[in-house]
Amino acid sequence: LLSRGPILNLWRATTDNDRGRHRAEPVAETWQRMGLNRLVRLVREVSAELVSPQVVRVTLRDWQSPAESTFGFASRQVYTIYGSGDVQVHVYFEPSARWGLLPRIGLQLYLAAGYNRMIWFGRGPHESYIDRLASASVGRYSGSVDEQYVPYVMPQENGNKTDVRWVALAADNGVGLMAVGAPYLEVSAHHYTSANLHQAQHTNELQWQPEVELNLDYRQMGLGGASCGPGTRPEYWVHSEPTHYSLRLRALSAGQDPSLVARQALPQA
């Protein structure tokens, strides 16, 4: 199902508002000066233990920092893998210093080609952010991954979904991968990479790829209105501080209803 990841992800393709001049240095420039768009990952330790005959726990510790800096971000990702096929993921995030505001905190992974249908139970059907969600009602929605892309004149972060209870990416035959929040996630899925969305100046510079970039976030910073007004309000900031969140991953077989799978309780470890 997966071609890459999951890895800790702190970056988003900067928005028009991120580049706004409501402060001496726009947050987009601050984030790039901090090196958040060029973090280098070092895996420090991987360990595994047999918890029971049906449960294995894998713990991964890694470190991300700009190549030129000794300051960075430590994370511990604990994967509890059940014989049922469920994978409970706990993410522990620990910055080495107070970096100020972050674009997001979450996991990013890439699905192999073919998983092009997105089904979710959360806010929709259009994009929403923590300060842009009043018009997006909670419900069950579905559509192609391509339909989640919002073609802003200047390519940028887009298509986010908030208050997501669960999300599934599936092939035409129903086989796929789902993620269940504990209790909620912010989610986006695209056939474009975040790096490409950030670097492109025009939509014709975007490079469609058959893989799907899937972001399963603890939280993404609000958008604000700084391109023509004030910045993001403080209650919608994402602070660089110790953070823990969890989610459950589960492979879907043909014919399985993700809403029923999401309701199933995890077996006892």
Side-chain angles (χ1 to χ4, degrees), residues 1-15 36-41 43 58 60 62 64 75 77 79 81 85 87 89 91 103-120 122 124-127 141-152 154-161 164 166-181 185-218 220 247-254 256 258 261:
L1 292 172
L2 300 183
S3 60
R4 284 180 281 168
I7 64 169
L8 177 72
N9 180 40
L10 308 175
W11 179 249
R12 77 177 179 197
T14 53
T15 68
L36 294 179
N37 60 328
R38 55 181 188 280
L39 296 176
V40 178
R41 185 190 191 207
V43 177
V58 176
L60 182 148
D62 66 4
Q64 293 190 34
S75 75
Q77 299 161 36
Y79 298 85
I81 305 165
V87 181
V89 185
V91 180
R104 69 182 350 138
I105 299 174
L107 290 178
Q108 184 177 87
L109 48 87
Y110 286 83
L111 278 77
Y115 302 101
N116 300 316
R117 182 167 178 257
M118 181 173 172
I119 313 104
W120 74 97
H126 49 268
E127 67 175 8
Y141 302 97
S142 65
S144 69
V145 171
D146 281 322
E147 288 173 330
Q148 311 316 311
Y149 169 65
V150 182
Y152 290 107
M154 178 81 165
Q156 56 195 282
E157 157 64 33
N158 70 91
N160 190 60
K161 308 296 189 295
V164 175
W166 56 260
V167 61
L169 276 296
D172 291 340
N173 61 4
V175 172
L177 177 73
M178 73 174 299
V180 183
L185 299 168
E186 292 194 39
V187 175
S188 62
H190 290 300
H191 284 293
Y192 305 105
T193 67
S194 296
N196 185 204
L197 287 167
H198 174 66
Q199 294 164 358
Q201 300 295 302
H202 306 91
T203 54
N204 65 297
E205 296 169 10
L206 293 174
Q207 299 175 350
W208 190 94
Q209 60 175 19
E211 293 179 317
V212 174
E213 181 187 273
L214 177 62
N215 293 296
L216 302 171
D217 293 335
Y218 164 72
Q220 187 177 159
L247 59 111
R248 174 162 56 110
L249 298 176
R250 171 72 178 263
L252 289 175
S253 301
Q256 281 190 306
V261 175

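All residue numbers in this chain count up from 1 along the given sequence.
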side-chain contact (heavy atoms from CB on, under 4.5 Å) partners for A195, two or more places apart: T193, Q199

Using the test side-chain contact (heavy atoms from CB on, under 4.5 Å), find all partners of A200 that sit at least two apart in sequence or belong to another chain. P155, N196, E205, L206

State, yes or no, whether a side-chain contact exists between [X] and [Y] at a heavy-atom distance under 4.5 Å.
X	Y	answer
E186	R104	no
N215	V187	no
S188	Q220	no
D172	R117	no
V91	I105	no
P6	V89	no
D62	Q77	yes

[atom1] of [X] to [atom2] of [Y]: how many Å apart, nearest 0.5 Å?
X	Y	atom1	atom2	result
N158	Y152	CG	OH	7.0 Å
T15	E157	OG1	CD	8.0 Å
N116	H191	CG	NE2	4.0 Å
T14	M154	OG1	CE	7.0 Å
L8	L39	CG	CG	8.5 Å
D217	L185	CG	CG	8.0 Å

Looking at [X] and [Y], what are the two nearest heavy atoms and their distance?
X	Y	answer
L169	A189	CD1-CB, 4.4 Å
A251	L1	CB-CD1, 3.8 Å
Q209	Y110	NE2-CE2, 3.6 Å
S194	E213	OG-OE2, 2.7 Å

Between V180 and V261, does the side chain to side chain contact (heavy atoms under 4.5 Å, CB included) criterion hold? Intermediate values first, please. CA-CA 9 Å; V180 183; V261 175; over 6 Å; no

Test L107 against N9 for side chain to side chain contact (heavy atoms under 4.5 Å, CB included), laying out the working first. CA-CA 5 Å; L107 290 178; N9 180 40; over 6 Å; no

Residues which pass ring-ring contact (aromatic ring centres under 6.0 Å, His included) with Y141, listed by chain and number, not counting sequence neighbours: W120

Are there more than 12 heavy atoms of other residues, nucleotides or ligands under 6.0 Å from atom OH of Y218? no

Taking H126 for the side chain and V150 for the main chain, is one N or O donor matched with an acceptor at less than 3.5 Å? no

After noting the C-alpha distance and the side-chain angles of Y115 and L252, does the key distance pass the side chain to side chain contact (heavy atoms under 4.5 Å, CB included) rule? CA-CA 11 Å; Y115 302 101; L252 289 175; over 6 Å; no

N160 and E127: side-chain hydrogen bond (donor to acceptor under 3.5 Å, both in side chains), yes or no, with the steps? CA-CA 5 Å; N160 190 60; E127 67 175 8; over 6 Å; no

Side chain to side chain contact (heavy atoms under 4.5 Å, CB included) between E147 and M118: does it pass, once the steps are laid out? CA-CA 9 Å; E147 288 173 330; M118 181 173 172; over 6 Å; no

So, R4 and E211, do they make that salt bridge, N to O below 4.0 Å? yes

